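All of these numbers come straight from a predicted model, not from anything done at the bench.
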Amino acid sequence: DAFVKLIQTEGIKSLWSGLPPTLIMALPTTVICFTCYDQLSEALKSRVGKDEEHIPIIAGCLSRFGTVSVVNPLELINTSMQYRRLSYKQLYTCISNKVAADGWFSLWRGWSSTVLRDVPFSATYWYNYERFKRMMCKELGAHEPTLFIAFTSGAASGTIAAVITQPFDVVKTYRQTELWESKTLKIPQRDCISTCAVMRKIVAKNGIAGLFAGVTPRLFKVAPACAIMISTYEYGKSFFSHLNEKMNQH
């Protein structure tokens with residue numbers, strides 16, 4: 001119903017609203033997160049052993065914390081473009097005015113909510129992914145994850161992580177859109193309130209279900225995104241690893 005109404009009122013192009021900043025955000029997010037995760041995992045394995053189950057959780061948390069801190073302003077821009085469909089000129093004016101009034105730190109509005117969403121997401125995702133991957137490799141008798149194993153494990157772990165962290169995604173979006181409402185609708189900006197206070201406000205207005213608003217479209221986005229990203233990454237790692245081995249032999 002949401003898809004149909006968006007297409008009817010704003011055209012099919014509106015479904016890709018905010019695509020450029022999403023693409024710009026995806027590159028540093030993926031590079032920083034995956035590189036840090038791999039490096040931290042290897043460092044921890046060399047210290048505490050390869051079979052330690054807490055390694056994916058620790059590496060996942062630390063890598064995502066760093067990533068969120070770097071790309072949060074891009075996510076703020078992405079949310080505003082999707083929410084208000086601002087042109088680049090309007091967006092630049094909004095950001096300039098906000099920075100002039102409240103300083104550069106205003107671009108990190110919603111950072112705490114994003115950390116609360118993404119760090120648990122990453123910990124849950126990587127822990128379940130490594131677990132599912134080991135189980136499937138053992139079940140199918142594979143020495144290393146195939147494209148199918150990585151894809152299935154990624155989709156399953158992404159789904160679990162998305163459901164668990166959905167309330168924090170709702171809070172993050174609420175706090176970021178509040179910022180743009182204050183500028184575009186001339187609504188006075190309220191004092192910054194904590195994540196718990198925002199959650200209580202949402203529950204009081206819409207009940208517990210309000211904290212899980214939009215969980216279905218998020219699952220449609222997150223599950224295939226996690227599956228495609230991790231399977232492509234694993235395939236790429238395997239491909240270049242074998243290529244390097246062949247080159248070293250010659």
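Residues that satisfy the side chain to side chain donor-acceptor pair (under 3.5 Å) test with Thr35, not counting sequence neighbours, are absent from this structure. Here Lys5 pairs with Asp1 under the side chain to side chain donor-acceptor pair (under 3.5 Å) rule; sequence neighbours left out. For Thr232, the side-chain contact (heavy atoms from CB on, under 4.5 Å) partners at least two apart in sequence or on another chain are Ile228. By the side-chain contact (heavy atoms from CB on, under 4.5 Å) test, Glu245 is found to be paired with Ser241, His242, residues two or more places apart in sequence or in another chain being considered.
With a 4.5 Å cut-off between side-chain heavy atoms of Ile, Leu, Val, Met, Phe, Trp and Tyr, the cluster of Ile230 takes in Phe34, Tyr37, Phe121, Tyr125, Trp126, Tyr129, Val222, Met229, Tyr233. In this structure, Leu27 shares a hydrophobic cluster with Val31, the cluster being traced through Ile, Leu, Val, Met, Phe, Trp and Tyr side chains under 4.5 angstrom apart. Cluster partners of Ile149, by chain and number: Met136, Leu140, Phe148. The rule joins Ile, Leu, Val, Met, Phe, Trp and Tyr whenever side-chain heavy atoms lie under 4.5 Å apart.
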Validation: residues 58-66 side-chain donor-acceptor distances under 3.5 Å, sequence neighbours left out:
{"unit_1": "Ser63", "atom_1": "OG", "unit_2": "Ala59", "atom_2": "O", "d": "2.8"}
{"unit_1": "Ser63", "atom_1": "OG", "unit_2": "Gly60", "atom_2": "O", "d": "3.1"}

Under 3.5 Å donor-acceptor pairs involving side-chain atoms of residues 209-216, not counting sequence neighbours:
none

Could you pull out all donor-acceptor pairs under 3.5 Å where a side-chain atom in residues 155-163 meets a protein atom, sequence neighbours excluded?
{"unit_1": "Ser157", "atom_1": "OG", "unit_2": "Ser153", "atom_2": "O", "d": "2.7"}
{"unit_1": "Ser157", "atom_1": "OG", "unit_2": "Gly154", "atom_2": "O", "d": "3.3"}
{"unit_1": "Thr159", "atom_1": "OG1", "unit_2": "Ala155", "atom_2": "O", "d": "2.8"}

Take Val203 and Ile208 through the side-chain contact (heavy atoms from CB on, under 4.5 Å) test and state the conclusion after the steps.
-> CA-CA 5 Å; Val203 170; Ile208 294 292; 4.3 Å; yes
Please assess Arg134 against Glu130 for the test side-chain contact (heavy atoms from CB on, under 4.5 Å), listing each intermediate value before the final yes or no.
-> CA-CA 6 Å; Arg134 277 198 307 271; Glu130 298 289 358; 4.1 Å; yes
Under the side-chain contact (heavy atoms from CB on, under 4.5 Å) criterion, do Glu53 and Tyr127 qualify, and how do the steps go?
-> CA-CA 8 Å; Glu53 286 194 354; Tyr127 174 75; 3.7 Å; yes
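Within the structure, the salt bridge (charged side-chain N to carboxylate O under 4.0 Å, His left out) test picks out the following pairs touching residues 219-235 (sequence neighbours left out): Lys133-Glu234. Residue pairs meeting the salt bridge (charged side-chain N to carboxylate O under 4.0 Å, His left out) criterion with at least one member in residues 34-45, sequence neighbours excluded, are Asp38-Lys237.
The backbone N or O of Ala43 sits less than 3.5 Å from a side-chain atom of Ser46, completing a donor-acceptor pair. Between the side chain of Ser14 and the backbone N or O of Gly11 there is at least one donor-acceptor pair closer than 3.5 Å.
The line from CG of Asn248 to NZ of Lys246 is 12.5 Å long, rounded to the nearest 0.5 Å. For the atom pair Ser238 OG and Leu147 CG, the distance stands at 10.0 Å (nearest 0.5 Å). Rounding to the nearest 0.5 Å places OG1 of Thr124 at 4.5 Å from CD1 of Ile164. Between the CG atom in Leu6 and the CD1 atom in Ile12 there is a gap of 11.0 Å [rounded to 0.5 Å].
For the pair Phe3/Leu15, a side-chain contact is recorded, criterion being any heavy-atom separation below 4.5 Å from C-beta on. The shortest side-chain heavy-atom distance between Gln166 and Asp169 falls under the 4.5 Å cut-off. Residues Glu144 and Cys137 have side chains not in contact (no heavy-atom distance under 4.5 Å, counting atoms from C-beta outward).
Residue Gln39 places its CD atom among 12 or fewer non-hydrogen atoms of other residues, nucleotides or ligands, all under 6.0 Å distant. A 6.0 Å sphere centred on CZ of Arg131 holds no more than 12 heavy atoms belonging to other residues, nucleotides or ligands.
Scanning both residues, Pro224 and Leu219, for their nearest heavy atoms gives CD-O, 3.6 Å. A pairwise comparison of heavy atoms in Ala123 and Ile57 identifies CB-CG2, 3.9 Å as the closest pair.
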